[in-house]
2 protein chains.
Amino acid sequence: MDRPLETRELVHFLAVADELHFSRAAARLGIAQPALSKTIQKLERRLGAALFERNSRTVTLTPAGQVLAREARHALDAVDAAARRTRRADASDPHLILAMKAGGDAGLLPAILAACDREPSSLPVRVIFHTDRVRLLRDGRADAALLYSPAEDLSGLDTEPLLTEPLMAVLPASHPLAARASLRTADLRDENVHGRRGPSTGPEAGSLTELLQLVALGQTVAVVPRFVTTPLRHDLASVPVTDAQPVTLLLAWPAHSTSPAVAALARAAGAASPGGEAAGAT
Amino acid sequence: MDRPLETRELVHFLAVADELHFSRAAARLGIAQPALSKTIQKLERRLGAALFERNSRTVTLTPAGQVLAREARHALDAVDAAARRTRRADASDPHLILAMKAGGDAGLLPAILAACDREPSSLPVRVIFHTDRVRLLRDGRADAALLYSPAEDLSGLDTEPLLTEPLMAVLPASHPLAARASLRTADLRDENVHGRRGPSTGPEAGSLTELLQLVALGQTVAVVPRFVTTPLRHDLASVPVTDAQPVTLLLAWPAHSTSPAVAALARAAGAASPGGEAAGAT
DNA sequence: GTCGATCCATGCCGTCAGGTTATCGATCGC
DNA sequence: GCGATCGATAACCTGACGGCATGGATCGAC
């Protein structure tokens with residue numbers, strides 16, 4: 001009994017781990033509940049560890065179960081990525097997929113794509129817009145992405161820094177703080193700040209445009225990297241936040257990638273950007 | 001037909017990819033050859049891509065197959081790691097496993113372990129000796145490892161640098177170059193150098209002791225980080241190689257690790273080492 | 001306390017995926 | 001051309017996985 005866990009077992013396990021409810025999880029998987037119970041029992045026997053605490057009324061993850069939940073997601077991402085990258089390697093029109101947030105390229109993208117075009121062994125680049133770009137990289141839906149550090153978790157990715165710029169507070173033009181030459185984090189203590197890490201208390205903003213709309217309405221204050229603030233709506237003002245850690249825009253790709261086309265894109269990005277001499281590693 | 005690939009399919013595929021021979025691969029898997037043929041055909045149908053070119057006399061990987069070979073190994077490592085880490089999370093004597101090469105700790109290990117002991121939420125550390133420490137990290141057999149940069153591939157790992165030291169050439173004491181105060185790479189051009197990257201032409205050395213034995217016998221010259229050269233056998237001499245990139249000893253762990261015990265070990269390692277303020281990233 | 005509802009576990013059964021053996025067809029060395 | 005080699009195909013078999021019915025435990029309502 002030392003063969004590897006099967007993908008199906010991990011999928012079933014994660015359904016229960018998400019729902020903490022066997023019947024609902026079974027419904028989500030499109031199977032009956034007893035089949036699911038049996039898969040989990042088999043998994044537990046195979047691993048020699050209890051994964052769930054069943055109190056006949058509630059289901060909770062054991063510590064071992066929590067570990068498996070994280071690891072299983074990672075493993076399934078890798079399996080999905082394997083399938084997707086293989087399919088794409090066989091595609092009749094080979095190309096790279098670059099994931100980014102709309103407007104999040106600091107204006108560098110045209111130069112990067114032009115430079116990439118001139119690289120040997122480059123491929124056409126197709127751009128897709130998505131919020132969760134890191135996930136796209138991890139499960140193989142994208143080959144590269146424009147990310148922000150330190151806002152995003154870069155583990156498992158290789159990176160090429162493109163540009164480092166300070167954070168700016170974006171305020172209604174009429175806001176008392178809008179006239180200031182600079183701000184400190186403490187100055188915004190009483191504001192309903194959007195755009196920092198962690199959940200915000202204010203309304204949700206899906207895109208930058210929506211966020212700025214909310215700022216204009218006086219419902220929130222945004223703190224964002226400078227390169228997304230130009231040009232700015234005329235009813236808004238931006239002020240640098242001097243004691244916040246600056247944000248680096250970077251190109252990222254899966255660390256174990258060996259694609260020459262991705263390497264070409266990285267070279268092009270490094271060459272076409274202001275911060276273009278240092279190579280990010282590991 | 002959009003469910004994830006199964007682990008078994010990837011294992012079967014990799015067997016063929018390794019052997020490039022269906023019958024041998026089947027034997028290795030302990031199954032009959034027709035079953036393997038069918039699994040591969042099914043995989044190819046599922047992915048919509050040919051993985052092997054069968055010329056009725058030879059089997060070769062297609063480009064898509066090469067991609068899958070790399071990705072499948074990655075995915076299987078992740079699956080294995082999931083199982084191992086889950087089992088270990090449930091172990092009755094919780095502990096961390098630190099992988100290193102014997103003698104490769106630059107004498108820092110006792111201080112690190114002592115400091116770790118004093119950290120909150122630390123765990124006892126069990127040390128194992130192994131050459132391929134990166135692989136142990138990737139498939140979950142170790143929680144942390146002492147590695148050398150730039151000699152090893154750190155992608156997908158988080159790191160804490162401990163110490164940076166120059167490379168030393170280790171020669172027989174009687175060697176003409178042994179009296180020099182320093183060397184350049186070019187000085188060793190005519191020697192049979194061991195210990196650099198890439199395959200060496202000389203005899204194989206499994207451990208440092210074996211390598212130094214070979215040097216003493218005059219069969220090779222070693223180029224190794226300084227911290228593995230103290231103390232040195234009295235019949236050997238070491239000379240710094242000034243134009244070789246220095247080697248950094250670092251503590252590494254899986255990038256997506258969330259174990260508090262690993263974090264404690266990393267903090268301890270940073271605090272107990274000379275280069276202990278900068279945190280490695282990604 | 002009893003009853004009903006909820007929810008996971010168990011028992012039993014059917015089906016098909018994945019295995020087996022036998023054999024074919026193509027290719028290569030001699 | 002002949003035998004050897006090797007992957008694909010055909011026909012069949014078995015057990016793992018999933019379905020249904022039901023059991024047993026717990027909790028809330030009254």
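Chain naming here is simple, since letters A, B, ... match the order of the sequence lines and numbering starts at 1 in each.
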Hey, is the side chain of A/R54 poking within less than 4.0 Å of OP1 or OP2 on C/dA9, counting only N and O atoms?
yes
Got a salt bridge between A/R28 and A/E19, using NZ or NE/NH1/NH2 to carboxylate O under 4.0 Å?
yes
Establish, with yes or no, whether the OP1 or OP2 oxygen of C/dA9 is under 4.0 angstrom from a side-chain nitrogen or oxygen of A/S37.
yes
Rounding to a whole Å, what distance do you find between B/H12:NE2 and C/dG18:P?
10 Å
Any salt bridge linking A/D80 with A/R141? Criterion: basic side-chain nitrogen under 4.0 Å from a carboxylate oxygen.
no
Between CG of A/L36 and P of D/dA16 the distance, given in whole Å, is 19 Å
Can a salt bridge be assigned to the pair A/K42 and A/E9 using a cut-off of 4.0 Å between side-chain N and carboxylate O?
no
Comparing B/F22 with A/T39, nearest DNA chain D nucleotide closer to 5' gives the residue B/F22
Measure from NE2 on B/H21 to C1' on D/dT5 and round the result to the nearest Å.
8 Å
Rounding to an integer number of Å, can you tell me how far B/E6 CD sits from C/dC16 C1'?
15 Å
If you compare every side-chain N and O of A/T58 against the phosphate oxygens of C/dC8 (OP1, OP2), does one of them come in below 4.0 Å?
no
Counting primed atoms, P, OP1 and OP2 as sugar-phosphate and everything else as base, the B/S/- map of nucleotides 20-27 of chain C against protein heavy atoms under 4.0 Å is BBB---BB
Indicate whether OP1 or OP2 belonging to D/dC17 is found under 4.0 Å from a side-chain N or O atom of A/K42.
yes
Measure from CZ on B/R46 to C1' on C/dA17 and round the result to the nearest Å.
12 Å
Between the side chains of A/Q66 and A/T62, does any donor sit under 3.5 Å from an acceptor?
no
Phosphate oxygens OP1/OP2 of D/dG7: is one of them under 4.0 Å from a side-chain N or O of B/S23?
yes
Do you see a donor-acceptor pair shorter than 3.5 Å between the side chains of B/Q41 and B/S37?
no
Starting at atom CZ of B/R24, determine the distance to atom C1' of D/dG7, rounded to an integer number of angstrom.
13 Å
Between A/Q41 and C/dC8, does any side-chain N or O lie under 4.0 Å from OP1 or OP2?
no
How many Å lie between CD on B/E19 and P on D/dG7, as a whole number?
11 Å
Any idea how B/F22 and B/F52 line up, ring-wise: parallel (<30°), tilted (30 to 60°), or perpendicular (>60°)?
perpendicular
Between D/dG18 (C1') and A/L29 (CG): distance, integer Å
12 Å
B/R73: side chain to side chain contact (heavy atoms under 4.5 Å, CB included) partners, not counting sequence neighbours:
B/L14, B/D18, B/A69
